[in-house]
Amino acid sequence: MASPLEDDANKTNWLSFEQIFEKLKQKIDPKEQSKKDKELQERLQAQYAKQQQREAATINSNSTLPVTISEVRVLHATHTRRGFLQRIVKPLLSANKDEPFTLAEAQEEIDHVGRTLEKLGKILSPVPNVVGWMCKSEIRMLYMLTKPDIYKSPITAFVDKANQADPSTSPTDLNVFYTAQERGRYTIKTGTEAGSSEGSAFADVQFRNLFGGAESLSGHASLGTRTKSSYSGLFNTPIFSNPDRRWEIGGLVSSTLKPWASHEERLRGGTTKLKVHTEGGQLHEFGYSGIWRQITGLSDNASSTVRLDAGDSFKSSLSHIWTNDKRDYPLLPSRGYLLKTSTEIAGFGPLKGDVGFGKMELESQAAIPIPIPGIEGPSGISFNTGLRAGMLYPLTAGGGDIPLQSRLNDRFQLGGPTDVRGFKISGLGPHDGQDAVGGDVYAAGGASLLFPFPRVGKDTPLRFQIFANAGRLLALKGKPKDKDGSMSSDEVSSSMRKTLQELGNGLPSCSAGLGIVYAHPMARFELNFSLPLVMRRGEEGRKGVSFGVGIDFL
Amino acid sequence: MSKPSQATSDDTSPRTKPTRSILSIPPSLKRLFDEFPLVTYAANELPARSVSVPNKRDRADIHAFYDAHLSRRRSSEGGGRGGGKGQRDDALHAFFSWAGEGDVSPNVASFNPGCLRWQAYLVSQGIKFHVVPSNNHASFPHSLPLVASHPHAGGPFAQPIITSEGLGKWAKKSGEMGMKEDAFMALVDGPVRRAWLFSMYMTPNFEKLTVPCYIDAHTSSPIIRLFSARELRQAAQAELLKYKPVIDERAIYSDAEDAFQALDSYFSRREEGTKPTTLLDAAVFAYTYLLLELAEDGWADRRLADMVRGLEGLRAHKEEIRKGYFRARPPGVWRRSKMVDV
């Protein structure tokens with residue numbers, strides 16, 4: 001019993017050291033830490049808010065103060081053309097205006113130019129979030145930017161009184177400086193991707209600000225199991241220094257396996273597009289594309305319908321896509337709506353080519369947050385509903401007088417984890433044997449109720465969902481009676497009427513289930529369990545668990 | 001005897017065993033799942049562009065075409081294979097072949113000797129089919145023709161799709177060819193085919209006949225036509241280079257001449273009354289028919305045609321088949337130029 005006492009006596013010296021170590025080693029109580037952090041944050045915020053209030057008051061009280069802007073400098077933009085920047089800052093310079101600005105107007109205008117500069121990056125969120133103004137001897141604007149393309153984020157603007165020693169300045173003159181740090185002129189990215197039933201390796205290269213006018217050239221190459229090979233190049237430039245108007249031209253060579261219809265599709269072609277962002281955040285895309293398509297590499301048990309369409313065809317088409325996306329978070333919306341229409345006209349009149357059709361598609365989605373009575377703020381529960389529909393109308397091509405019937409490459413496919421869940425990929429619609437041969441008219445709808453995970457909370461991109469979705473995909477009704485399988489224009493329109501009526505005939509093919517949703521910044525992942533409720537003979541449902549990755553979900 | 005019972009016990013054992021893998025579905029749940037889908041409607045209609053049996057009028061034409069042959073042959077020997085009585089009139093095999101747009105009837109000859117060979121052979125065997133104009137992508141990785149058999153058409157085909165390779169095996173099994181025929185077949189598939197390839201792909205015949213037949217009918221796009229024509233020519237060149245590392249025009253033609261002469265003397269000396277219904281007859285006919293049916297001014301390079309025109313035995317052989325066994329109409333591009341009576 002004596003030894004422990006002795007030991008204790010020996011240890012007394014050490015204990016004090018150990019205690020120190022212990023104390024150092026001891027983990028800081030996370031609760032206490034977070035409390036401290038919170039306090040600090042609050043203090044900073046309060047200070048910041050006060051400062052902002054002061055600034056706002058200063059600016060407000062001086063809002064009618066006449067100011068003129070004599071000089072605008074964009075710093076660090078060494079690789080950007082002068083003429084390109086001139087067009088952007090032109091409205092700012094007082095020399096281009098009859099009357100001087102008021103301070104408020106100047107602020108507005110400086111803001112506008114700053115926004116334009118930053119939009120020369122990727123146009124994802126057209127309205128930047130102005131974090132604040134600071135007013136000492138200068139007014140500073142700070143923008144939080146979303147992935148600027150040619151300039152690094154954030155772009156800052158300083159406003160300074162013009163040097164009064166300079167005899168050419170007037171007392172109201174201000175100088176504006178933008179700091180636009182240019183990003184590297186090129187990036188190269190390589191990587192590998194693995195999905196549920198495919199793997200691929202890719203290389204991307206992007207050259208920015210190619211001629212000093214925010215032009216970009218990007219190239220993409222990938223090799224994989226599903227997309228056997230794909231090479232594309234795209235040149236993109238703003239029109240007249242306007243980041244809201246862009247012109248794109250590109251080329252593509254690819255080869256993709258389409259196991260649901262036992263073939264491989266090779267594409268070679270070019271597209272050109274004009275993209276216009278409107279003030280209200282809508283996007284219009286006008287495009288032309290000329291594509292040589294080849295259906296080849298048929299599997300041994302390919303059906304006759306696929307064999308009939310095997311070979312070459314040339315599609316020459318004009319298209320318009322209108323997108324109005326007002327969802328708060330497109331991959332996992334809790335509020336807002338999406339409306340998108342696509343129109344394509346191929347082969348008609350001077351377009352020529354081997355196929356002729358008019359194609360119209362509508363896509364819509366709405367998300368409504370559902371509040372829980374008794375709980376303040378958003379509950380994280382939301383109701384999502386989506387509707388898609390499309391029609392392919394046969395038209396004459398290349399000056400012919402008989403409308404051309406649709407081909408396998410142009411027809412719609414429906415079914416799979418990203419549209420009508422509970423069905424195999426392209427599991428809906430007409431099937432010839434094992435092959436999904438596609439249809440000319442479709443309609444699909446879905447509804448899902450999303451709940452946050454208990455414990456994990458509503459702020460994580462993880463949700464639990466219950467869903468039901470339905471769809472129909474139909475080929476144009478009525479076989480051609482003519483010898484060579486053609487229908488006259490009148491027959492086509494009556495067939496289309498019959499087909500549209502058929503959409504409402506009987507219950508649509510549908511399924512229901514539940515699952516987990518995870519919205520990664522790049523894509524949305526879903527793991528669902530579902531059962532098909534209504535089907536057509538030949539359609540391929542999927543009972544049980546299925547996994548889906550995608551960007552657009554119904 | 002014990003096998004079936006063993007199998008059944010194997011089937012039931014996983015259900016009774018308590019150590020079930022996590023992935024297997026409990027039987028009660030499986031029964032529940034089997035209830036789904038709750039409603040199943042009739043199948044969706046296929047799109048307009050799908051292979052369907054020709055309409056009534058065309059079917060009548062096809063049957064009349066066969067009947068003409070069969071009655072002729074019945075009068076001489078009595079009955080052919082395949083098209084027996086009581087067969088449904090829409091039960092026709094689909095013969096995917098190089099053919100002009102809209103040529104669904106088997107009486108229009110294919111412009112491709114490989115396809116025409118099988119077309120003539122199947123007709124002479126009384127196997128009823130309708131033609132689906134097609135291209136080599138449809139029969140990947142083999143070349144045309146390809147037969148999609150009709151389940152109710154009876155006949156010799158068991159599988160749903162029969163490639164050109166499958167047709168060769170089937171013909172071999174029916175065993176009408178002896179050693180001699182095999183040797184002559186080698187002449188057709190060797191020197192004659194090479195001369196045809198050279199004549200159709202390496203001479204001005206390419207632009208005048210081959211491109212309109214093989215490419216222009218399939219696409220209206222000048223770009224695709226240009227690239228496809230180049231690919232087609234390169235493929236023919238590669239095929240010729242497989243035989244010899246140099247393409248020697250004179251050797252190709254003189255080899256072909258020898259081969260044609262050998263075939264000519266074989267057919268001339270063949271026993272009187274031999275039916276020209278073997279695959280060799282069809283294979284030779286495929287070349288001689290295409291070479292002789294086109295008017296002289298239809299050729300841009302008529303060396304090969306002239307070669308056959310000078311051989312009495314081959315001309316008679318072609319006429320015998322054309323009159324008695326395969327009353328074909330020449331392909332579209334051939335019809336465009338004036339016909340010559342040989």
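Proteins get letters first, then strands, A, B, ... in listed order; numbering begins at 1 in each.
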For the candidates [options], which exhibits the highest count of non-hydrogen atom pairs separated by less than 4.5 Å from chain B?
| options | result |
| --- | --- |
| A:G429, A:S511, A:G541, A:G538 | A:G429 |
| A:R411, A:R472, A:R268 | A:R411 |
| A:L533, A:L298, A:T305, A:T296 | A:L533 |
| A:S304, A:G422, A:P394 | A:S304 |
| A:G544, A:G290, A:S406, A:P430 | A:P430 |

Report task. Please indicate whether A:D300 has more than 12 foreign heavy atoms, meaning atoms of other residues, nucleotides or ligands, lying under 6.0 Å from its CG. Result ->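 Atom CG in A:D300 is not packed in, count stays at 12 or less.
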
Query raised in the report: So, are A:E264 and A:R266 salt-bridged, with charged N and O less than 4.0 Å apart?
Result: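 Yes.
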
Query raised in the report: Hey, are B:R233 and B:E207 close enough for a salt bridge, meaning a charged N less than 4.0 Å from a carboxylate O?
Result: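 Salt bridge flag = yes for B:E207 with B:R233.
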
Report task. First locate atom CH2 of B:W118, then atom CG of B:L167, and finally report the distance between them rounded to the nearest 0.5 Å. Result ->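 If I round to the nearest 0.5 Å, the distance is 5.0 Å.
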
Part of [X] within contact of chain B (heavy atom distance under 4.5 Å):
| X | value |
| --- | --- |
| A:H263 | neither |
| A:S313 | backbone |
| A:L404 | neither |
| A:Q294 | side chain |
| A:K543 | side chain |
| A:A302 | backbone |
| A:I295 | backbone |

Query raised in the report: Are B:S105 and B:N107 close enough that a side-chain donor and a side-chain acceptor fall under 3.5 Å?
Result: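 Yes.
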
Requested in this report: Examine the side chains of A:Q434 and A:S303 and answer whether a donor and an acceptor come within less than 3.5 Å of each other.
Outcome: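 The criterion, which ignores hydrogens and geometry beyond distance, is not satisfied for A:S303 and A:Q434.
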
Region of [X] in contact with chain A, defined by heavy-atom distances below 4.5 Å:
| X | result |
| --- | --- |
| B:F96 | side chain |
| B:I215 | neither |
| B:A94 | neither |
| B:S139 | backbone |

**Report entry** Full working for side chain to side chain donor-acceptor pair (under 3.5 Å) between B:N44 and A:R536
**Finding:** CA-CA 7 Å; B:N44 293 299; A:R536 261 80 198 162; 4.7 Å; no

Query - A:R293: which of A:D309, A:D312, A:D410, A:D354 passes salt bridge (Lys or Arg N to Asp or Glu O under 4.0 Å) - result: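 Testing each of A:D309, A:D312, A:D410, A:D354 against A:R293, the sole residue satisfying salt bridge (Lys or Arg N to Asp or Glu O under 4.0 Å) is A:D410.
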
Query raised in the report: B:W170 vs B:Y121 aromatic rings, parallel, tilted or perpendicular, using cut-offs 30° and 60°?
Result: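 Perpendicular: the ring planes of B:W170 and B:Y121 meet at over 60°.
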
Query raised in the report: For the candidates B:E35, B:H137, B:Q159, which exhibits the highest count of non-hydrogen atom pairs separated by less than 4.5 Å from chain A?
Result: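 Top option by heavy-atom pairs under 4.5 Å: B:H137.
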
Query raised in the report: Does the ring of A:F412 carry A:K359 above it, NZ/CZ under 6.0 angstrom from centre and within 45° of its axis?
Result: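 Yes, cation above the ring, under 6.0 Å and within 45°.
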
Report task. Dump the intermediate steps for ring pair (Phe, Tyr, Trp, His ring centres under 6.0 Å) on B:W98 and B:Y214, then the final yes or no. Result -> CA-CA 8 Å; B:W98 283 108; B:Y214 286 86; 4.7 Å; yes

